[in-house]
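A quick write-up on the structure given underneath.
Just so it is clear, the structure is predicted and the values come from calculations on it, not from any experiment. Letters go in sequence order (proteins before strands), and every chain restarts at 1.
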Protein chains: 2
Amino acid sequence: MAKSAPVPGRPRSRDAAGLPAVTPDRIIDAALELTARHGVETWTLRQLAGAVDAYPAVIYHHVGDRDTVVTAVVDRVIAKYELPDENMPFRDWWRQFLTNLRTVFMQYPGVARRVALNGPSVQAGGPTVDRAMRTLLEAGFDQDEAAMVCRLLVSQACLFISLEDDQRRAREAKDKISAGWGAPPANPELSGLATLNESVQGRLSDPEKNQDYFAELFDYAIDRVLDGVEKRLEEIRGS
Amino acid sequence: MAKSAPVPGRPRSRDAAGLPAVTPDRIIDAALELTARHGVETWTLRQLAGAVDAYPAVIYHHVGDRDTVVTAVVDRVIAKYELPDENMPFRDWWRQFLTNLRTVFMQYPGVARRVALNGPSVQAGGPTVDRAMRTLLEAGFDQDEAAMVCRLLVSQACLFISLEDDQRRAREAKDKISAGWGAPPANPELSGLATLNESVQGRLSDPEKNQDYFAELFDYAIDRVLDGVEKRLEEIRGS
DNA sequence: ACCTGAACACCGTTCAAGT
DNA sequence: ACCTGAACACCGTTCAAGT
């Protein structure tokens, strides 16, 4: 766009061309939409500039480098989920919270990974962290272990969501990720391997089960780790 | 390297220059070493070519594109860990196995993430998967749930290791990741947030505790999820 | 202050040409 | 068959110059 040499009749300013002024807000809006469609790591700064009908340097002028833009996008996404009712028992609260997190984050591929890595900004994440810590303290964890559990559960959810993000994307490109797995093993000694392959075969032949395989793993991962946290809590209470 | 124009006295073939012939094996060796030092996502094909005193096109000729090289590197790394004694009870076996996995993978940043995403190749991962599945089947899981638990535990370990990889790398660059967290919250209503910040403060002021924070999270994550898997097993046995 | 347009230093990948 | 050396189409980032 805007690649042609200046033509006499062509307006030389955004104003004269009838284009809206570029603002930081409009840039983040565009970046959010690009993220929803392509994932946060996939769009380029040149694409973003194109989406607001501007030159790459304009992004730098109004917002900053790519990382700064992405940070702003992440903050926007974090503002989108709702926190469960604070009167719920801690296990139900977390189950609900992490499920909400997933449905929102899955709409913006790559955001979960960013949050796992950097955490949320204090600004955007503060209220969430406050509520989350309270549920754990009320449940009976001491200060340090509550902080640990908080980190564990948020990481658990974000990491498994980011796994879903990336595997979905890889599948779209190629369908040969699990190639080789599913076929009976050449070595008949490997009976455990054969069993896994049978299970994989069952999935591959039933397309709708295969569809929700990722979601199933997420739920299973969350449930098992919550079981583990609950058991730990019983140990604390018992001692 | 080899950037100057051809000089009369300069030998024009690797042989004449006394350089060893480039082989796929030598290329993977160099890639493995670059991975150990810089991480699998960080080195460039041009660096790899430089490491074997060759042009980038030579890598393509002998091995293939970047992804093919990385896949070969991952297979090499997988061959490096040892499997625990097969007579151990399933929980101890997994605890040991995932710990071994961590010590090996941590030496090659980025490999854990690749394994979480693509799994190992059938060639390299077959024996491990076989043993892993057997422990779960013997413990009492049915075929499908054993496959699920296997996937959960390997993913759990790889994802948390990859989190360590990336956070270590980020810390080396900047020390402001947790900037803002640790300071008392501006809003006095957020008592849960204040508690978290106290815990963070305690860590930051005790440097050796901060050092092992990542390792601590890994162990905690593995122990909680194993607790959860064990509890699930008791449910199955009871019914 | 805001925007243009070109440039810089990279990247993975491809390819004709040499030996 | 193996290697050279240059080129292609990208990328994030910077900057002097225009309005």
When you get a sec, tell me which of [options] is the closest nucleotide to the side chain of [X]?
X     : options                : answer
A:R46 : C:dG12, D:dT13, D:dC2  : D:dT13
B:T44 : C:dC2, D:dG12, C:dC11  : C:dC11
B:A57 : D:dC2, C:dC3, D:dG5    : D:dG5
B:H62 : D:dC3, C:dT13, D:dT14  : D:dC3
B:D65 : D:dG12, C:dT13, D:dC15 : C:dT13
B:H61 : D:dC2, C:dT4, C:dT13   : D:dC2

I need the [atom1]-[atom2] distance between [X] and [N], as an integer number of Å.
X     : N      : atom1 : atom2 : answer
B:R66 : C:dT13 : CZ    : P     : 8 Å
A:L48 : D:dC11 : CG    : P     : 12 Å
B:W43 : C:dC10 : CH2   : C1'   : 17 Å
A:I59 : D:dT13 : CD1   : C1'   : 13 Å
A:Y55 : D:dG18 : OH    : P     : 15 Å
A:Y60 : C:dA7  : OH    : P     : 19 Å
A:L45 : D:dT13 : CG    : C1'   : 9 Å

Cationic N near anionic O, under 4.0 Å, [X] to [Y]:
X      : Y      : answer
B:D166 : A:R114 : no
A:E216 : B:R151 : no
B:E164 : B:R102 : yes

How about CD on A:Q123, more than 12 heavy atoms from neighbouring residues, nucleotides or ligands closer than 6.0 Å, or not?
no

State the pairing partner of D:dA9; accept Watson-Crick or G-U wobble contacts with both distances under 3.5 Å, and report none otherwise.
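Paired with no nucleotide.
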
Under 3.5 Å on both distances, the Watson-Crick or G-U partner of D:dT4:
C:dA16

If we check side chain to side chain contact (heavy atoms under 4.5 Å, CB included) with B:R66, which of these qualifies: B:V69, B:V70, B:T68?
B:V70

